[in-house]
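Worth saying up front: this structure is predicted, and the values here are computed from it rather than measured. Below, read A as the first sequence line, B as the second, and so on, with proteins coming before strands; counting in each chain starts at 1.
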Amino acid sequence: MKSAHYSSRPHLRAGLSVLLFTTSLPGLTACAVVQPWERGHLAQPQMALDGDALLSAMDEHVYGSKEAASGGGGAAGGGCGCN
Amino acid sequence: MRTFSRTVRSLLISSLGLPGMQELLAQDAPEELIEYRYTHYDEEPLPLDKLAFGDPRRFEIDSHQFRLVKNLNQAWTLELGLLQEAMSGSSPWYVQPGPSGPLQVMSGATIQENRSQADLSLARRKSGVTHKAGIGYSTENDYKALYASYTGEKDSSNGLRTWSWGGSYSDDEISPTEASLFGRVEHATRNSLSGSLSITQVLNRNAVVQNRISLTRRSGFLSDPYKQVWINNTVLNDSRPDQRVMFTWTTRYRQYMGRSRAALIVDYRFFRDDWKIIAHTLEAAWRQPLGHKWEIAPSIRYYSQSAPDFYAPLFFQLPPDRYWSSDYRLATFGAVSYRLSAEFRQEKWSLSARAEYYNSDQSIALSGTPHNTPGLVDFWRLTLAFKLGL
């Protein structure tokens, strides 16, 4: 096997991004208070954050097989995708 | 678990003020169901003016997916997923110089193989926290993957914010076909370890946003055993670093559009890895209900990536670090997907369909060194699904 570390700087960038992500969260407390009886629109199916589970898994597999980037969708799966 | 109509369900949720964010946002609800999905994937043939030799017909895949969600009791939910797919076609092999630019060499014989996958997960909800653990196995004639995952989720006390966290591990084995005939590695392994953190926040009565970060580390044999590279009149096997660390930041936004009852969907993902690939993905959709039974949703997806340093269609000298690849999927390129979906819902069941056309081209990349990459792919995809509530 060849050298394990191609570059180490992205680790630092990723760490900084995690720090930015967590430190930016208190800003979200400024969001509006939405009472339970005001949440009907948010509960509509067209507002769902995650779409159909099987379609999301297939999308992630297809795009991940044809593009260099993958991940971020939360779906797990297998397969070579070599072709 | 009883199945309520969408209207009754949303009224119940909003009037009772159920604290669970998943219920509130109508996502990942523990609704018992059986689902079947068929997908046909069809890559367009390689244009003959980009072909050196080989079969220009590219991959076709037929996939059958099955999913069962069953509540064992108030707290536990079992989920089973099965997949079977049949693949056939020829595959880009390497690139060689042509009279007016690089030409793609395709594999000569049609490849035919099948893949099967099974997933099983258990979720437990208690005191506003959901824990979900799953295992899965995927097998095809030259590749096996065994993987496990965990996700946790916790709602805030007012139900307006959800934290989720998770991790997964995959252990993969590669045994390329005709290894000795083509000088491929005979057996290799790779593994992948991933972690993620996300926060979902209700912004107001019509908008919600989710931010997610993930970090994935892959190690082992990360080259493609079926790809080769032309290096100054010699053809060598694809050679990539044996470790890759990938970072993503994903933001997803949903906006309810008032009287039209439509939802505007906007998703963005930033990707960066230590192979120096940077990628951006932007998706936008308009989900429009028509009456109480129909919904149509046109959507568009834009993707752009830059190439790693070890990618080139052709190499005219041996790279000193001994990493090289001319796999078109590592090239600088952009892609646009045009999609249209429709769904018909009844009280206990639904039918849905989606058609997609994916077009890739190096000229629409946002950044990165442009290359003349002959193997870039365009494809069609059609998927049909039937869902039955239990």
key: Pair D52(A) + R67(B): basic N to acidic O under 4.0 Å   = no

inquiry  = Looking at E67(A) and R301(B), is there a salt bridge between them, counting it only when a charged N and a carboxylate O are closer than 4.0 Å?
reply    = yes

message = Less than 4.5 Å to any heavy atom of chain A: does that hold for the side chain of F333(B), its backbone, both, or neither?
response = side chain

Residue, of K144(B), R354(B), Q255(B), Q288(B), that accumulates the most heavy atom pairs under 4.5 Å with chain A = R354(B)

task = Measure across L160(B) and V33(A) and return the closest heavy-atom pair with its distance rounded to 0.1 Å.
result = CD1-CA, 4.3 Å

query = What part of A263(B) is in contact with chain A, defined as an atom under 4.5 angstrom from a non-hydrogen atom: side chain, backbone, both or neither?
reply = both

ask   = Taking atom CG of L49(A) and atom CZ of R212(B), what is their separation to the nearest 0.5 Å?
value = 9.5 Å

message = Is I265(B) in contact with chain A via its backbone, its side chain, both, or neither, using a 4.5 Å heavy-atom distance?
response = side chain

task = Can you tell which part of I61(B) gets under 4.5 Å to a heavy atom of chain A, answering side chain, backbone, both or neither?
result = neither

query = What part of T39(B) lies closer than 4.5 angstrom to a heavy atom of chain A: side chain, backbone, both or neither?
reply = side chain

ask   = Do the side chain of Q46(A) and the main chain of R261(B) share a donor and acceptor less than 3.5 angstrom apart?
value = yes

remark   = Honestly, the part of Y303(B) sitting under 4.5 Å from a heavy atom of chain A is side chain

key: Nearest atoms (heavy-atom pairs only) where A48(A) meets R254(B)   = O-NE, 3.1 Å

request  = Enter the distance from K66(A):NZ to E43(B):CD here, rounded to the nearest 0.5 Å.
outcome  = 4.0 Å

ask   = Is it the side chain or the backbone of R217(B) that comes within 4.5 Å of chain A heavy atoms, both, or neither?
value = neither

ask   = Checking heavy atoms, do the side chain of S337(B), its backbone, both or neither come under 4.5 Å from chain A?
value = side chain

ask   = Looking only at heavy atoms, what is the nearest atom pair of I277(B) and A68(A), with distance?
value = CD1-CB, 3.8 Å

request  = Against chain A, label E356(B) side chain, backbone, both or neither, depending on which of its atoms sit under 4.5 Å from a heavy atom there.
outcome  = side chain

request  = Side chain from CB out, backbone as N, CA, C, O: work out which of these in T383(B) comes under 4.5 Å of a heavy atom of chain A, or both, or neither.
outcome  = side chain

request  = Tell me, for A207(B) versus chain A, whether the close heavy atoms (under 4.5 Å) come from the side chain, the backbone, both or neither.
outcome  = backbone

query = Out of curiosity, S65(A) OG to F59(B) CZ, how far, rounded to the nearest 0.5 Å?
reply = 10.5 Å

message = Quick check for you: among E85(B), Q305(B), E35(B), M246(B), which has the greatest number of heavy-atom pairs under 4.5 Å with chain A?
response = E35(B)

Spacing of L55(A) atom CG and Q65(B) atom CD [to the nearest 0.5 Å] = 8.0 Å

request  = Under 4.5 Å heavy-atom distance to chain A, tell me which part of F270(B) shows up: side chain, backbone, both or neither.
outcome  = neither

Heavy-atom contact with chain A under 4.5 Å, split by part of E295(B) = side chain

key: Spacing of R37(B) atom CZ and L54(A) atom CG [to the nearest 0.5 Å]   = 6.0 Å

ask   = Would you say the side chain of Y63(A) lies within less than 4.5 Å of the side chain of T281(B), judging by non-hydrogen atoms?
value = no

task = Taking the side chain as every heavy atom from C-beta outward, state whether E38(A) and N204(B) have any pair of such atoms under 4.5 Å apart.
result = no

task = Begin from the C-alpha positions of H61(A) and R115(B) and carry the test side chain to side chain contact (heavy atoms under 4.5 Å, CB included) through to its verdict.
result = CA-CA 13 Å; H61(A) 183 68; R115(B) 184 168 82 90; 3.5 Å; yes

inquiry  = Report which part of R269(B) has an atom under 4.5 Å of a heavy atom belonging to chain A: side chain, backbone, both, or neither.
reply    = side chain

query = Would you call the rings of Y256(B) and H41(A) parallel, tilted or perpendicular, where under 30° means parallel and over 60° means perpendicular?
reply = parallel

ask   = How many angstroms lie between CE in M47(A) and CE in M257(B), if you round to the nearest 0.5 Å?
value = 10.0 Å

